[in-house]
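What follows is a short report on a single structure.
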Protein chains: 2
Amino acid sequence: MDRRQEILEAATKSFSLFGFKATTMEQIAKIANVGKGTIYTFFDNKEVLFQEIVLRVITEMKQEATKVIKKEASFQENAYAALMKMLEFRDTHQLFAKIIAEEQEWRTPAVIQVKAQIEQAIVSFIKQKIDKYINAGEVRQVNSELVAYLLLKGYLAFVNDWNLTHEKPLTEKEITDFFQDTIFHSLIL
Amino acid sequence: MDRRQEILEAATKSFSLFGFKATTMEQIAKIANVGKGTIYTFFDNKEVLFQEIVLRVITEMKQEATKVIKKEASFQENAYAALMKMLEFRDTHQLFAKIIAEEQEWRTPAVIQVKAQIEQAIVSFIKQKIDKYINAGEVRQVNSELVAYLLLKGYLAFVNDWNLTHEKPLTEKEITDFFQDTIFHSLIL
DNA sequence: GAAATGACTAGAAAACCATTACGGTCATCT
DNA sequence: AGATGACCGTAATGGTTTTCTAGTCATTTC
């Protein structure tokens, strides 16, 4: 396998496991079985490497979400399926969990920036999808960016904050059903 | 004026201006024109004093919000008015802004706890109001606690986080109109 | 003598500093 | 020519000292 790919995989593993701050370039090099200097022939610096990885994960997520959207299904059905997909994605990819945790705990500039980037990407992705349905006349003419933002932030709040004040965490289905019942419900014509 | 009241006002002033951590008991005593020991004859400790003040502000806010709710108006109208009132309240009371900022920056246990308390109080207040309208048959049978939670967290996200990634902050009216158009819109029968 | 006070104390936080660790470079090696 | 790891300067860490402050209590005040 090519060295660039090896490095990317090693770095993904380490960032997911230990976070950005606690991952050293030496460690990545060791896992990837390359010299530290080799990493720098492919990536300008640690930050750029991190960004590339995050970008890949985002792309993968978009693809997964897009895959479940069926032409023949209604907006509500598709929204439900896509949302479910993204929720389950979050569970599997520890990287996102790590990023969120690290942003709160250490305030590493690179991490803060990347988290903003991720949010930006997700919001604009959701916005795009909603806009499509607005143009198709299936959804009311709302401010799609605000809707997307509310969906993301609401979701994050339910997943990250809810259990700080409540005994039982919400299941993915409860969250999705609730969004279905309120926000999505208000959008259809 | 009685000493207890003087202390409360001095402490409110200082907490609002400098936050919990940066306010010293000596400073409160000086502003209130009492000896430091006197504070402890009225309040067990700094934390209790802080809690009492926060509780007072919450109570005041509830009263203000309740005041604008009119028996003869519709759910949507009342929701809109109450929300507007709470938004404007937030602007005027720097204390809340300080608490949120301090929670993020310093993680003072007392502040984290108080912020959770405030959120709890606001959510249960909103929930109560929604439940009333559900019982009156004006609102669909939704999970009112989730709605209340989403309203609060969504609102906080729009106010605190939106301008981190966007040039122009959202006006109170934009936020309220948006909630009106989506969440509240989905609730009415 | 009941209430108020501020000097005092213990423990927590900040400032300081010595040491380590790490990101990034580059002379050397394969 | 491409890979490498010893090396460098800087940033993070952690141990130590100093400062600060919440809370107490002996003394004062009215």
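The basis for the numbers below is simple: all heavy atoms, side chains too, and nothing from hydrogens, waters or symmetry mates. Each chain gets a letter, A, B and so on, in the order its sequence line appears, and its residues count up from 1.
- The nearest whole Å value for the distance from the CG atom in D44(A) to the C1' atom in dT25(C) is 13 Å.
- The closest donor-acceptor contact from the side chain of T38(A) to the backbone of V34(A) lies at 3.5 Å or more, if one exists at all.
- Checking T24(B) against G35(A), the closest nucleotide of DNA chain D that is more toward the 5' end is the one next to G35(A).
- OP1 or OP2 of dA14(C) sits under 4.0 Å from a side-chain N or O of K21(B).
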Show the numbers, then the answer: is there a salt bridge (charged side-chain N to carboxylate O under 4.0 Å, His left out) between E145(A) and K127(A)?
-> CA-CA 5 Å; E145(A) 186 164 15; K127(A) 172 177 158 30; 5.5 Å; no
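- Residue K36(A) places a side-chain atom within donor-acceptor reach of the base of dG24(C), judged by atom type and a 3.5 Å distance cut-off alone.
- One can place CG of N33(B) at 14 Å from P of dA4(C), the figure rounded to the nearest angstrom.
- A cation-pi arrangement is found for K46(A) relative to F20(A), the charged atom lying closer than 6.0 Å to the ring centre and inside a 45° cone about the ring normal.
- Taking atom CG of residue D2(B) and atom P of nucleotide dA3(C), one finds them 14 Å apart after rounding to whole Å.
- Between the CD atom of E6(B) and the P atom of dT5(C) there is a distance of 11 Å, given to the nearest Å.
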Does the pair Y133(B) and N78(B) meet the rule for a side chain to side chain donor-acceptor pair (under 3.5 Å), with working shown?
-> CA-CA 11 Å; Y133(B) 280 98; N78(B) 278 334; 2.6 Å; yes
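- Side-chain N or O atoms of T108(B) include none that pairs as donor or acceptor with a backbone N or O of V111(B) at under 3.5 Å.
- Judged purely by atom type and a 3.5 angstrom limit, E174(B) uses its side chain to pair as donor or acceptor with the backbone of T171(B).
- Spacing between atom CD1 of I28(A) and atom P of dC22(C) amounts to 12 Å, rounded to whole angstrom units.
- Chain A approaches DNA chain D over the interval dA3(D) to dT13(D), counting the first and last nucleotide 5' to 3' with an atom under 4.0 Å from its heavy atoms.
- Using the six-membered ring where Trp is involved, Y149(A) and F158(B) have ring planes that are parallel, under 30° apart on the 30 and 60° scheme.
- Nucleotide dG24(C) holds its P atom 8 Å from the CD atom of E47(A), rounded to whole Å.
- The shortest distance between the side-chain N/O atoms of T38(B) and the OP1/OP2 oxygens of dT5(C) is below 4.0 Å.
- Taking atom CD of residue Q27(A) and atom P of nucleotide dA21(C), one finds them 14 Å apart after rounding to whole Å.
- Here R3(B) reaches the OP1 or OP2 of dT5(C): one of its side-chain N or O atoms lies under 4.0 Å away.
- Between E26(B) and T23(A), the one whose closest nucleotide on DNA chain C sits nearer the 5' end is E26(B).
- For F20(A) and dC22(C), the CZ to C1' distance is 12 Å, given to the nearest whole Å.
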